[in-house]
Each structure stands twice: as structure tokens, then as C-alpha cells.
Amino acid sequence: MLDIRLLREQPGFVKEKLALVGCPAAEVQAVIDADARRRELIAAVESMRAERKRSSKSIGAMKPGEEMEVAKAAVRALGERMASAEKELATVEAEFQAMMLELPNIPHDDVPPGPDDSANVVLRSGEPSREFDFDPKPHWELGEELGIIDFARGVKISGTRFYVLKGDGARLQRALITFMLEVHSSEHGYTEIYPPAMVRAECLVGTGNLPKFGDMLYRDAEEDYYFVPTAEVPVTNLYRDEILDAATLPVKHVAYTPCFRREKMSAGRDVRGIKRGHQFDKVELVKFTKPEESDAELLKLLADAEDIAARLGLQSRIVQMCTGDLSFTAAIKYDIELWAPGCREWLEVSSCSNFRDFQARRANIRFRHGKDRPQLCHTLNGSGLALPRVMIAVLETYQCADGSIEIPEALRPYMGGRERIAKG
RNA sequence: GGAGAGGUGGCUGAGUGGUCGAAAGCGCUCCCCUGCUAAGGGAGUAAGGGUUAAAAGCCCUUCGAGGGUUCGAAUCCCUCCCUCUCCGCCA
């Protein structure tokens, strides 16, 4: 959510910035108009309330009698007028809030302009991690031949976009999760969190998934719980409605969770393999920082996530999103992509974003220096990394001509010291 | 799932219709005093919003949430949520 004061005071600036992310000026103007109506009503209602308070107090000091009854009747009439003004205010306020929640974040000045993903900028690109003297296979072939990914049974028990990991496949994923958690918590200084994977709607409003992107989410309608689409949601909301001590910032968390997404928007895309499923595992990095530190902290977070790819010996590149390809909530965003030599594509395994105070305002996450007034934090996050796609990159990069997989050295301690996954 | 108790400021906790944004204590901040330390004295100590160029000031909201009664609600009534205790069940 944006600061309403900014919209009031610099409407031209806001319209210009939001036009870059595809939000029409009329939408901004509608919010500004609603705010003006809202404030008029607030002033009217509050002055009536003040008057009623004064009058009621004076009634309390009166002796019972005719004078008191007259005064009571007068306040009752005022109360009725007030109630109707309050009702109108509530309507306008609700409309105003709803519109505020639909406005996207303002892009950071460092974001390159551009209409869509064609204008994204590849900031750096790693060298190929190996040469192939044979034709590398896609992971769905490797996984099936090795008996470590079972697509047919995944479909049988749950349907399309589900799969089963078996034996060394399941173990490899577990090794990756443990490895990532270990590196981030022991070496990069993130405190590990094991959060709930089901949350209340408010949490999703806080992170910006609701109200706009509800069709991405699974939910238990009876209990009104949502299944998290990413650990970003529960972890960011850890400090919702709290005021953190400035001395504790930046707060850095790493969390592993399963993630659940309906993927309605991407129907028909990435249907082969394990690239895009309704359920997947992810290790997520989340930071809470002071405003002046968030830019630098984002680069550190990106480096921490990249480090995982480097240690696994995978070819990676960093892509900066242009204004037209930013997510709703991000002010600036870098993707980490891994090269998958078998399916011959770059796989997005992390989006590292600075949301500045956009989520913090929605979720009311603040910090304070001593006795100063509380200020909104900046929130940042990025995957570190998303499991199934890292699995794809590992399987396809480390495949051998005989169809076996060499286990990357970094993972061997988590795979019982083994060096190879072979058929059997 | 059954029975009971309860949700008040950073914490403990008083408060059953008005002068209560809320006693008292603890904690915290500042000042004074005591040659250090301990102790003591005094003052202060919520958040959000409106008005304002901004501040001060003034005003409004908030005692789990929502609704109701009333001139007036932390206080009375209803609904919901949550916490705790005991029992049942269960990884």
C-alpha cells in the first residue's frame, strides 16, 4: 500500500510512476477523490461526536427534571444525524481502502523502464558449468529412467501438476533443503523459522497476495485458512502489528515450507516435468530493515541466494526486471535463473525483491529508535532457492552419458557421502 | 468434542453507567540527592487519525472483534474470536 499523503501531495508524481507499471492515472485519481470525500466526512462526524460528548457530559451534571429531558432529546436527535453520517463514512472508507489495496507499488528509481519481460536486463551470466559430449536429457526422462520421479502415480493420486519423488529423488530434495537451511542459518546469519503453512486472510493482505491475487490460492473455506503460496507470507507477517527495536534490525529469517499455488493463470504452460506444480518446496529468505539500509540489504540477500547456486556448481544468471515486469508489490526485483541443459531453458529459482514500505504499511510492521516515533520497516525477500527447479538443474547438469547422476560435492554430506545416483 | 474461568497500557493488575485513556505497582526515560555502589526524592512514559505548509494546540478513535441498549458504555445485553484449567481423543 502506498502512503496516502504522497498521493495527496504529489498526485502527478504518483501517476507518472504508476503508469510505468501499467496502472492508469484514472485509478490513482479515483483514490485521491475518495480520500477527499472521506476526509470531509471525517471532519463532519468528528465535530458531531465532540458535540455529543460535551452535551452528554453536561447532562451527567444535571438534576433529573424537564431541563434534562429536553437536553436528552436534543442529543438523541444529534445522535441520529451522526449515525447517518457515520454510515456514509463507513461506505466511503471501505471503498477507499479497497482501492488503496489495489494500487501497485511505485518502482524504484534504479529499475530500467520497459513494457514487458523483453526489456529485462541480464546483469551477469555465469559460465557453463560443464561441456557435454552427448545429448543431455531433460529431467523428466532422467527422473523416470532412474525411478526417482514418478509422474504417472502423482497424476493418479492427485492429478495433473503433481508428481512423486521416490528413493534417491526424495532424498536429493531433502539434502538440498537441509543444505540450503544450513548455509543460510550457519553462514549467512539468518535465523531459521518453521512457520505455519496455513494462515489467515489478513496475512495475505499484508504481503499483497490479497485481495488482488486470490485465484492463485488454495483455501480451507470452512475454517477460512489459506495455504501459503510461499513462506514469505507467514514469515513477513511474524511481526505484523509490532514495533521492532531499531537495534535488532536488520532482522533476517530463513524458512523452509511447502508452497501451494493454483496456477490458474499459467494453465497450459510448463506442463512437463516438475518445473511448475501445485505443490512445491522452497527455502525462503526474508529481511526487515531500516529504510536507508534496504537497497544494500537487497544486494546482500541476492548474493546469499546466488551463493547456493555457486556452491552447487550450477550455471546461473541474474536478471533485473524492468518496470513492466515488476510484481504488484515489488519496488525493485532481481531474478536468479539456473541453466537447465536438458530442457534447454533458464529456470527462475528466486525472485529477490525490495518491497520498501509497501508490505509494511499493509501489515503495520514498524520499528522505533528509543523514544522516536515509530517508522515503517522495509521488507525484502527472495527464494534461497526454490527446490524443484534446483533439482531440475542438478539432475540435468550432473547427468552422465549412462543416465546416472553425479551428486554435487556440496550435497554429499547430506547424501550419506555418496557420489552418484544410479539406476537400481 | 464436553465442563469451567478469563481477555484492560511494555508487564502485573484495579476498575459494574458519567469527572476513566483508564488507580496502583513493576519496568523504562530524564532530573535531583548521596564522594563509588546500594538506597532515596521528583517529573515523564500508548498507538492511529482529522485540522496545519509544518509544529504546537485543539478534536476524534482505540480497554479481544463486531453489533445492540442509553443523552452517555471498559462497565449492561447479544454474536463471534482467542487464551487458560480439567476431562475425552489423538501424531
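Order of the sequence lines fixes the chain letters, A, B, ..., with proteins taken first and strands second; residue numbering starts at 1 for each chain. Scope of the values below: all heavy atoms of this structure, side chains included, with no hydrogens, waters or symmetry mates.
- In this structure A74(B) sits in no base pair that meets the Watson-Crick or G-U test at under 3.5 Å.
- Whole-Å rounding puts the M100(A) CE to G49(B) P distance at 11 Å.
- With 3.5 Å as the limit, one finds no donor-acceptor pair spanning the side chains of E232(A) and T207(A).
- In summary, R171(A) and D168(A) do not engage in a salt bridge, as defined by a charged side-chain N under 4.0 Å from a carboxylate O.
- Considering only the side chain of I42(A), G49(B) comes nearest among C71(B), G49(B), A47(B).
- Remark: side-chain polar atoms of E46(A) are not paired, donor with acceptor, to backbone N or O of A43(A) under 3.5 angstrom.
- If you run side chain to side chain contact (heavy atoms under 4.5 Å, CB included) between K290(A) and each of L376(A), L249(A), L244(A), only L249(A) comes through.
- The partner of A53(B) cannot be assigned: no Watson-Crick or G-U wobble pair with both contacts below 3.5 Å exists in any strand.
- Between R261(A) and D215(A) there is no salt bridge, since no side-chain nitrogen of the basic residue lies less than 4.0 Å from a carboxylate oxygen of the acidic one.
- Across all strands shown, U29(B) forms a Watson-Crick or G-U wobble pair with A43(B), both key distances being under 3.5 Å.
- Distance noted for atom P between C36(B) and G44(B): 27 Å (whole Å).
- Each of G50(B), U19(B), A47(B) was ranked by its minimum atom distance to the side chain of R366(A); first place goes to A47(B).
- Rounded to whole Å, the C1' atom of G67(B) lies 29 Å from the corresponding atom of U19(B).
- Nearer the 5' end of RNA chain B, as judged by each residue's closest nucleotide, is the contact made by A73(A), out of R200(A) and A73(A).
- For the residue pair D281(A) and Y256(A), a side-chain donor N or O sits within less than 3.5 Å of a side-chain acceptor on the partner.
- For I243(A), taking side-chain heavy atoms from C-beta onward, the closest of the listed nucleotides C71(B), A47(B), G50(B) is A47(B).
- If you measure from atom NZ of K72(A) to atom P of G72(B), you get 10 Å, rounded to the nearest angstrom.
- Closest-nucleotide positions on RNA chain B for A43(A) and M68(A) were compared, and the one nearer the 5' end corresponds to M68(A).
- Atom name P, nucleotides A24(B) and A56(B): the rounded distance is 27 Å, in whole Å.
- Side-chain atoms of D335(A) and S351(A) include a donor-acceptor pair closer than 3.5 Å.
- The nucleotide A5(B) finds its pairing partner in U83(B), both defining distances of the Watson-Crick or G-U wobble pair being shorter than 3.5 Å.
- With both ends at atom P, the span from C80(B) to G4(B) equals 15 Å, rounded to whole Å.
- Across all strands shown, A22(B) remains unpaired; no Watson-Crick or G-U wobble contact has both distances below 3.5 Å.
- For the C1' atom pair drawn from G7(B) and G66(B), the interatomic distance equals 16 Å after rounding to whole Å.
- Base pairing of C63(B): no nucleotide in any strand meets the Watson-Crick or G-U wobble criterion (both distances under 3.5 Å).
- As the counterpart of G35(B), no nucleotide is assigned, since no Watson-Crick or G-U wobble pattern has both distances under 3.5 Å.
- Distance noted for atom C1' between C63(B) and C28(B): 22 Å (whole Å).
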_What verdict does the ring pair (Phe, Tyr, Trp, His ring centres under 6.0 Å) test give for F367(A) and Y239(A), after you've listed the backbone C-alpha separation in whole Å, the side-chain angles of each residue and the deciding distance to 0.1 Å?_
CA-CA 10 Å; F367(A) 75 96; Y239(A) 305 114; over 10 Å; no
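- Base pairing of C89(B): no nucleotide in any strand meets the Watson-Crick or G-U wobble criterion (both distances under 3.5 Å).
- When only modelled atom types and interatomic distance are considered, Y190(A) and D304(A) share a side-chain donor-acceptor pair under 3.5 Å.
- Among the atoms of the strands shown, none is found under 4.0 Å from any heavy atom of R361(A).
- Of the candidates G50(B), G18(B), A47(B), the closest approach to any side-chain atom of S56(A) belongs to G18(B).
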*Using a 4.0 Å heavy-atom cut-off, write out nucleotides 55-61 of chain B from 5' to 3' as B (base contacted by protein), S (sugar-phosphate only) or - (no contact).*
----BBS
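- A gap of 13 Å separates the C1' atoms of G9(B) and C26(B), to the nearest Å.
- Rounded to whole angstrom, the span from the CD atom of E40(A) across to the P atom of G49(B) amounts to 20 Å.
- To the nearest whole angstrom, the two P atoms, one in G15(B) and one in C90(B), are 43 Å apart.
- Distance CZ (R8(A)) to P (U51(B)): 6 Å, rounded to an integer number of Å.
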